[in-house]
Student: 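Below are the structure tokens for one structure; questions will follow.
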Amino acid sequence: MTAASPKKSGPKSGHFVRLSALDDPALLELVLHAKELKASNYRKPVAKGKMMGLIFLNPSLRTRTSFEAALYHIGAGASVIQPGAGTWTFETREGVVMDGDRTEHLKEAVKVISRYVDLIGVRAFAEMKNLDDDLEDRLMQDIVEYATVPVINMESAREHPCQALADGLTLWEQFAGNLHERKFVLSWAPHPRPLPMAVPNSALEVAARLGMQVTLACPPEMTLDDRVLSYVRSKAAQHNRELHIEHDQKTAFENADVIYAKSWAGPLRYHHPEAEETLRKETYKNWTVGSRQMSHTRNARFMHCLPVRRNVVVTDEVLDGPTALHIGQAENRLHAQKALLMRLWGLR
Ligand code: CP
């Protein structure tokens with residue numbers, strides 16, 4: 001490593017890469033601020049002259065549009081960077097000979113973008129090749145090191161903290177802040193594609209940190225990584241709660257107040273992809289959330305981060321029914337991120 005190494009160049013604080021960047025009081029304060037911003041339909045140019053660069057290494061509808069809208073509402077600008085779609089393709093690996101089709105290294109790209117903007121958002125999904133790299137958020141950590149302005153995680157291998165903020169606001173609104181006696185169930189779902197674990201990791205964390213009774217419902221082979229579960233357990237314990245893991249979906253759903261459905265491929269994918277594929281597509285097809293499953297709950301609200309595969313993850317009947325929150329949950333991305341931007345820019 002040279003003296004000019006990027007490992008020494010990035011800002012040391014001000015990032016929002018992990019939800020844990022906010023302690024519990026700060027998390028709650030941000031949720032309540034987002035609620036206020038939503039109620040007032042807040043639009044004031046308090047961030048006039050500020051600029052955010054949004055790097056999408058993977059596609060997005062909600063994250064991109066809600067950030068662009070939030071920035072516009074507070075008077076800031078946005079530059080969307082999509083490598084390979086109007087922007088040069090990025091190499092992300094360290095030390096490679098770049099004689100292939102990737103034009104520029106993230107090292108240069110992130111350092112240059114940092115010279116133009118005040119904040120960088122990054123979406124970089126799990127590569128799903130090495131579980132340790134993904135759980136350590138290796139790529140996001142590299143980007144944080146290259147950046148010379150603060151970085152927001154717009155979904156990484158390990159976490160989707162912006163989704164968690166919106167989910168926290170959605171839960172708070174539904175139960176008027178009385179979350180302690182409410183049962184939150186994160187339910188695994190089948191899917192044609194192997195999806196990463198960022199959203200389920202973050203959904204469990206935010207529910208536990210808001211003091212809910214949290215249950216992870218999944219087939220045994222789809223249990224999330226124990227490093228994340230240990231962390232969620234420790235957070236639940238701070239609220240005198242336990243994380244329950246239940247492999248029988250019906251039992252998990254009993255007395256639930258919230259069902260949050262999500263598919264993920266799980267740690268098994270990294271070592272036994274073919275076995276994981278069969279389990280996800282065939283063996284556990286009956287984990288689709290439908291009216292029959294919802295009937296075991298305490299008239300639970302249904303949540304999903306979107307995009308969702310209808311009649312694979314959840315049935316039409318549930319999504320089009322009165323207990324579905326997914327559209328309002330997506331709207332809350334706007335309000336939560338507006339509150340986040342204002343916090344990071346010291347605008348309140
Ligand atoms: N939930 C979410 O992050 O949606 P997008 O992938 O569309 O941004």
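Counting starts at 1 for both ligands and their atoms, in listed order. FYI, side chains are in, hydrogens and waters are out, and symmetry mates aren't considered; it's all heavy atoms of this structure.
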Student: With heavy atoms of Leu61 as the reference, note each atom of ligand 1 found under 4.0 Å away.
Tutor: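 Selected atoms, number and element: 5 (P), 7 (O), 8 (O).
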
Student: Identify, for atom 2 (C) of ligand 1, the protein heavy atom at the shortest distance, and state residue, atom and that distance.
Tutor: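 Protein heavy atom at minimum distance: Arg333 NH1, 3.4 Å.
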
Student: When you measure from the side chain of Glu246 to the backbone N and O of Asp248, does any donor-acceptor pair fall under 3.5 Å?
Tutor: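 Side chain of Glu246 to backbone of Asp248, a donor-acceptor pair under 3.5 Å: yes, one is there.
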
Student: Pairs of nitrogen or oxygen atoms closer than 3.5 Å, one from Pro59 and one from ligand 1: do any exist?
Tutor: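 N/O-N/O distance below 3.5 Å does not exist for this pair.
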
Student: Has Lys183 got a side-chain atom pairing as donor or acceptor with Glu254's backbone, closer than 3.5 angstrom?
Tutor: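 Yes.
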
Student: Rounded to the nearest 0.5 Å, how far apart are CD of Glu136 and CZ of Arg227?
Tutor: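 Here the rounded value is 7.5 Å.
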
Student: Geometry only, no angles: is Ser60 polar-contacting ligand 1 at N/O separations under 3.5 Å?
Tutor: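 For ligand 1, there is an N or O atom that lies under 3.5 Å from one belonging to Ser60.
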
Student: Salt-bridged, Glu155 to Arg62, with N to O below 4.0 Å?
Tutor: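 Result for this pair is no, no salt bridge flagged.
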
Student: Please check if atom CG in Asp320 has more than 12 non-hydrogen atoms from other residues, nucleotides or ligands closer than 6.0 Å.
Tutor: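 For Asp320, atom CG is crowded (more than 12 foreign heavy atoms under 6.0 Å).
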
Student: If I compare all heavy atoms of His105 with all of Tyr146, which pair ends up nearest, and what's the gap?
Tutor: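 It is CE1-OH, 4.0 Å.
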
Student: What do you reckon, does Met154 put a non-hydrogen atom under 4.0 Å from ligand 1?
Tutor: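 Met154: no contact with ligand 1 (<4.0 Å).
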
Student: Evaluate Glu155 for polar contact with ligand 1, using N/O atom pairs at a separation under 3.5 Å.
Tutor: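 N/O-N/O distance under 3.5 Å: no.
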
Student: Would you call Arg158 and Asp137 a salt bridge, taking side-chain N to carboxylate O under 4.0 Å as the test?
Tutor: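 Not counted as a salt bridge, because no side-chain N and carboxylate O are separated by less than 4.0 Å.
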
Student: Could you see which bit of Arg123 sits under 4.0 Å from ligand 1, with heavy atoms only: side chain, backbone, both or neither?
Tutor: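 The side chain, only.
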
Student: Which one holds for Val199 and ligand 1: side chain close, backbone close, both close, or neither close, with close meaning a heavy atom under 4.0 Å?
Tutor: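 Near ligand 1, Val199 shows nothing, with every heavy atom at 4.0 Å or more.
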
Student: Mind checking whether Leu306 has an N or O less than 3.5 Å away from an N or O of ligand 1?
Tutor: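 There is such a contact, yes.
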
Student: Who's closest to atom 4 (O) of ligand 1 heavy-atom-wise, of His160, His326, Arg62?
Tutor: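 That would be Arg62.
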
